[in-house]
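Let me begin by presenting the structure, written as structure tokens, before commenting on it.
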There are 2 protein chains.
Amino acid sequence: MAAAAELFAERGYDGVPVWAIAAKAGVNKAMISYHFGGKRNLYQTIAEDAFGEVVSRIEELADSARPAPDLLKDLVADVAEVTTKRSPHVFTMLLREVLAGGKRLEPGVAGKPVRMLAAVQRIVERGVREGTLRQVDPLLTHLSLVGSLVFFFATERFRRRVLKGRHFTPPDVSAFVRHIQDLITHGLTAHGEESGSRVERHARKPAARGGRGAHGRSDGR
Amino acid sequence: MAAAAELFAERGYDGVPVWAIAAKAGVNKAMISYHFGGKRNLYQTIAEDAFGEVVSRIEELADSARPAPDLLKDLVADVAEVTTKRSPHVFTMLLREVLAGGKRLEPGVAGKPVRMLAAVQRIVERGVREGTLRQVDPLLTHLSLVGSLVFFFATERFRRRVLKGRHFTPPDVSAFVRHIQDLITHGLTAHGEESGSRVERHARKPAARGGRGAHGRSDGR
DNA sequence: GTCTATAGGCTGATAGAC
DNA sequence: GTCTATCAGCCTATAGAC
């Protein structure tokens with residue numbers, strides 16, 4: 001499954017012959033039909049597994065009552081953690097599916113991007129309602145935030161290849177996480193707009209779920 | 001070419017048989033080999049054409065001496081204009097290429113994403129140097145900004161399909177452009193941080209190149 | 001320039017030996 | 001469970017008639 005995920009992410013479903021997956025996994029190509037029921041089923045299984053992990057993480061955050069800006073920052077860190085430590089190819093595969101319009105997936109899996117969207121929207125809506133976020137549109141905010149994230153993680157391979165000797169900063173995940181969290185702070189939070197006073201950071205909250213020590217926890221700058 | 005672009009964007013290079021392109025274009029499939037020299041050449045021609053348009057627009061902006069925040073906002077509007085009025089499938093195709101690591105394209109075309117990256121970085125670097133932008137990392141800023149844009153335009157078809165009866169806002173291009181420009185204003189510009197005073201908008205500049213009336217010109221809010 | 005017919009290559013799945 | 005051999009389908013490209 002890991003071998004297949006990498007190949008599917010890199011070349012797309014139609015671009016990967018079954019023999020390539022078998023070769024990379026060090027097994028016989030007939031075994032894939034035997035154990036997974038064919039190429040399409042293998043793909044489906046991988047997608048379900050990977051997308052499910054991301055969705056459940058995001059929905060867990062959306063169910064929290066903590067301040068919306070903190071949740072959004074944790075979302076960034078969570079997403080980074082999933083893709084770096086669990087399934088490196090989720091977002092490439094997810095993005096390919098979204099580009100295809102979700103035609104290839106069975107309904108249950110195809111709905112997962114929509115659940116992510118709904119969860120993020122819920123967080124943003126509450127933040128706007130409670131005044132911790134500026135008056136931003138939840139859908140557009142979701143698209144710009146998640147768009148940045150998905151784009152970054154899905155294109156990591158490309159950057160590694162083309163930015164070899166040319167550019168200064170090698171794409172560093174934790175730096176990117178901090179950058180996005182910083183943009184959330186400056187671009188989305190309502191810091192003191194109603195008072196005429198100097199901009200100030202919003203109050204810190206102790207982390208709701210113990211110190212997992214992720215990349216750039218919103219309370220760990 | 002338009003027919004092929006749409007199909008390539010939707011299903012990917014490997015997912016589109018030549019007969020499908022021929023059928024959609026209303027021509028015989030042998031004509032594609034005759035006029036373009038085969039499927040791969042057709043793809044290459046389309047990619048070169050579409051990517052070139054975007055790159056030249058962005059590089060033109062990067063060569064301007066106007067304030068960096070204005071340039072970034074115009075970049076957003078320009079990108080939106082190209083994809084809505086000229087080639088609706090550029091970003092889907094571009095994104096697919098980036099996901100593939102640029103392996104399919106000849107070097108000249110593959111370098112175009114890098115030129116976009118370099119141009120945006122140049123704008124951001126100058127903005128930071130001149131103090132019109134906060135002290136942000138140029139590469140990370142490029143990735144988050146362009147990532148949002150590319151993601152938005154590349155996934156428009158998906159949204160139209162899945163957000164049919166479910167969600168309030170149908171994805172509106174001009175609203176998204178304004179949203180991103182707003183994020184640039186709040187998240188990237190250095191508005192009065194050195195003075196202790198109230199946040200204020202940066203000074204307006206008259207548009208450098210006549211009133212083209214694009215979606216959300218930075219001076220047309 | 002346009003079309004039909006076909007060649008030639010590659011792919012996914014599986015029958016059947018072990 | 002695993003492997004080899006093979007089949008049937010689909011794809012691109014082109015030869016050759018018009």
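In this text, all values refer to a predicted model and were calculated from it rather than measured experimentally. Below, read A as the first sequence line, B as the second, and so on, with proteins coming before strands; counting in each chain starts at 1.
Relative ring orientation between B:Phe8 and B:Tyr43 is described as perpendicular, the plane-to-plane angle rising above 60° on a 0-90° scale split at 30° and 60°.
Between the C1' atom of D:dG1 and the NE2 atom of A:His35 lies a distance of 6 Å, rounded to the nearest Å. For the pair A:Gln44 CD and C:dG12 P, the computed distance is 16 Å after rounding to whole Å. In this structure, the NZ atom of B:Lys39 is 8 Å from the C1' atom of D:dC11, given to the nearest Å. Distance, A:Asn41 CG to C:dG12 C1': 13 Å, rounded to whole Å.
Both the sub-6.0 Å distance and the 45° axial angle are not jointly satisfied by A:Arg96 relative to the ring of A:Tyr13. Annotation: cation-pi pair B:Arg115/B:Phe51 absent, no NZ/CZ under 6.0 Å from the ring centroid and within 45° of its normal.
Between the side chains of B:Lys39 and B:Ser33, no donor-acceptor pair of N or O atoms lies under 3.5 Å.
Heavy atoms of other residues, nucleotides or ligands lying less than 6.0 angstrom from CZ of A:Arg86 number 12 at most.
Taken residue by residue, residues 7-33 of chain A places heavy atoms nearer than 4.0 Å to DNA chain D at A:Asn28, A:Ala30, A:Met31.
Between A:Lys24 and A:Leu7 the shortest side-chain heavy-atom distance falls below 4.5 Å.
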